[in-house]
Structure formats: C-alpha cells, structure tokens
Amino acid sequence: MIHEEMPPEATTGGPGRDSAASPSPEPGRLSGRQRLRAGLWPPRVTRAQLVVALLLFGLGLGLAIQVRSNNDDSALRGARQEDLVRILDEVDDRTQRLEDEKQRLGAQLTELENSSDQAEEARKQTLEKERQLGILAGTVAAHGPGITLTIEDPTASVAPDMLLDAVQELRAAGAEAIQVNGVRVVASTYFSGEAGAVKVDGHAVGAPYAFKVIGRPQDLEPALNIPGGVVQTLEKEQATAVVERVDDIVVDALRPAKQPDYARSSS
C-alpha cells in the first residue's frame, strides 16, 4: 500500500507561512543603530589619536603662516621688472653709503694717527663732529642737495602714521635733515592726532604737508616711489604726493638745545 507524504505546506497551515514566528529582540540587546551611536559617543581618544591630531594642527598652522608670508610678498612678486631693478639699486646704494662711511671713518683715524700735531687735528675733527651732531639734533641750520615732498589731502584722510612712515623711509634712504611744515624732525620727533588734525611734536600742522629733506636725491626719490611705498599708500587714501629734486635746499627750522640738569663735563 503506497502512502503519500504530505507536502510541507500542509503541516504549516498553508503556503506563505513560516514554520515559526520571527523571534523578537531579547531584552537588554541593542539594535545596530543603538550600537553605532554608543560606539561614537562619547568619543574615546587614545594617545595615538591625540598625537596625530597635534601633528595635523601643527601642519595646518605652518601652512597658514606660509600662505600669509607669501601674500605679504605679493607686492614684490607682482611688481614690474623695472620696479624690482630700482629696489635692487636702492639696496646697493645703501650698501655703498655704509662702505663710504666706513672708509671715511678709517681715513679720519689714519689722519689722526699720522698727524704731526695730533691735538690740533683732534680739535678739528671734534668741531666737525659737533657740527654734524648739531644738524642731527636740529640745533643748527643746514643746506645741501635733497628733495621736497608735498602731500595734498583734500579728503582729510592722511593719518599721523602715514607721515611717520614717510619720515622713516627717508631716514632709511640716508636723509640727514628733515623739516615738516616748519617743524624740525629729530630722533625724538613723534606724530600724534588723527587724520585731518595731525600734530608733530605737539605742533598742529595741516595740509598740504611740506617736507624739506637734505640727502642724495637719487636715493631719496626712489625710496618714496617703490611699489607699495609711501606714494602709493597715500594715493590709495585719495591723497597726492609730489616729489621734486632740489640742488640746494635749506632746512632752517631749529630746536632749542636742552641744558642738562645734573650732568657736568668732566674736563
């Protein structure tokens, strides 16, 4: 007698039904999303990760400084060839001035050592040094070749620091005597106030700002006209700067010589 086996559907109560119900999550077991969230927060930082983070921070800081340095040099990188040649010539001129000063001092020393009357030669050199120091201190008038710088400020936008930048640029180029609107500029000179109301050593000066400068014109004029220099900075503020060479200019604004309160000569 042949027995036929029942198909599986017959024992499960019909096709399409599972043999057992899907198991429900056991109590206390986390789902996949919950396990992911638990693994990410709170963060667990190992020593190796901290070292890598510090290295990456240092690398990023170095790159930022390098980019900023490159941006600071963009004015020179974007300058024309003739402007770069002029800047290089100015540097060469400054080097030559220092060499000339070195040779002059060496010649004075040799002359003093070889002079038959060393006392008289020392007196002459002392008087010459006194005259030079008087010019630097602003206690005596001076004249010689140089330039004039006239700054027009129709919008009252020229600030004291811009005039100070002009003085510093002129000094770096070898200016020996400077006068601004009748005020002698010396080592202790300061600029104060605000744009449109500038003071030089406490004296109010107004536009146009007239500079009288004694020095080598071929050094002074290029120093003001270099790319990104004084003239271009003033033009960005809607001011105009005119530089003219003069064969013989007079700087006659004087400063009173201060007498020391306590110091006395030991001779």
Side-chain angles (χ1 to χ4, degrees), residues 75 83 86-87 90 93-94 97 130-261:
D83 293 331
R86 185 170 56 185
I87 295 174
E90 181 183 355
D93 290 339
R94 292 183 182 180
R97 288 198 304 271
E130 180 184 6
R131 185 188 66 83
Q132 295 176 358
L133 292 177
I135 294 175
L136 295 177
T139 57
V140 297
H143 73 93
I147 65 167
T148 60
L149 169 63
T150 305
I151 301 175
E152 297 284 354
D153 185 21
T155 59
S157 57
V158 176
D161 60 324
M162 298 179 184
L163 300 182
L164 178 60
D165 289 341
V167 170
Q168 292 177 334
E169 201 67 51
L170 290 168
R171 283 175 172 167
E176 298 177 356
I178 304 175
Q179 174 178 317
V180 181
N181 286 34
V183 180
R184 188 70 168 266
V185 176
V186 295
S188 60
T189 294
Y190 64 94
F191 291 79
S192 59
E194 56 186 12
V198 180
K199 293 183 178 181
V200 182
D201 287 339
H203 300 280
V205 296
Y209 304 103
F211 286 67
K212 292 183 178 181
V213 187
I214 295 178
R216 294 182 61 187
Q218 58 268 35
D219 295 336
L220 300 175
E221 183 181 9
L224 298 175
N225 288 305
I226 61 175
V230 173
V231 173
Q232 287 191 0
T233 301
L234 291 170
E235 289 176 349
K236 291 180 181 179
E237 298 296 332
Q238 306 302 317
T240 59
V242 179
V243 182
E244 295 181 355
R245 299 188 182 190
V246 182
D247 294 333
D248 189 18
I249 190 170
V250 177
V251 174
D252 53 4
L254 303 179
R255 301 178 70 93
K258 295 183 178 181
Q259 296 296 330
D261 294 330

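These numbers were taken from a predicted model, which means no experiment stands behind them.
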Practice problem: Show the numbers, then the answer: is there a side-chain contact (heavy atoms from CB on, under 4.5 Å) between V158 and Y209? | Solution: CA-CA 10 Å; V158 176; Y209 304 103; 4.2 Å; yes

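- If you take NZ on K212 and OG1 on T148, they are separated by 9.0 Å, rounding to the nearest 0.5 Å.
- A salt bridge does not link R184 with D252: every distance from a Lys NZ or Arg NE/NH1/NH2 to an Asp or Glu carboxylate oxygen is 4.0 Å or more.
- Distance CG/N225 to CD/E169: 10.5 Å, rounded to 0.5 Å.
- Every residue meeting the side-chain contact (heavy atoms from CB on, under 4.5 Å) condition with Q218, not counting sequence neighbours, appears here in chain and number order: R216, R245.
- When the options L224, I178, V251, L149 are evaluated for a side chain to side chain contact (heavy atoms under 4.5 Å, CB included) with V213, the one that passes is I178.
- Remark: D201 CG to S192 OG distance equals 8.5 Å, nearest 0.5 Å.
- Contact between I214 and L220 at its shortest, heavy atoms only, is C-CD1, 4.3 Å.
- Here the rule is side chain to side chain contact (heavy atoms under 4.5 Å, CB included) with V198, and of L164, L163, V180 only L163 fits it.
- Distance CD1/I151 to OG1/T240: 8.5 Å, rounded to 0.5 Å.
- To the nearest 0.5 Å, atom CG of residue L133 and atom OG1 of residue T139 are 9.0 Å apart.
- With a 4.5 Å cut-off on side-chain heavy atoms, Q132 and L136 do not count as touching.
- The two residues E176 and I135 make their nearest non-hydrogen contact at O-CG2, 3.9 Å.
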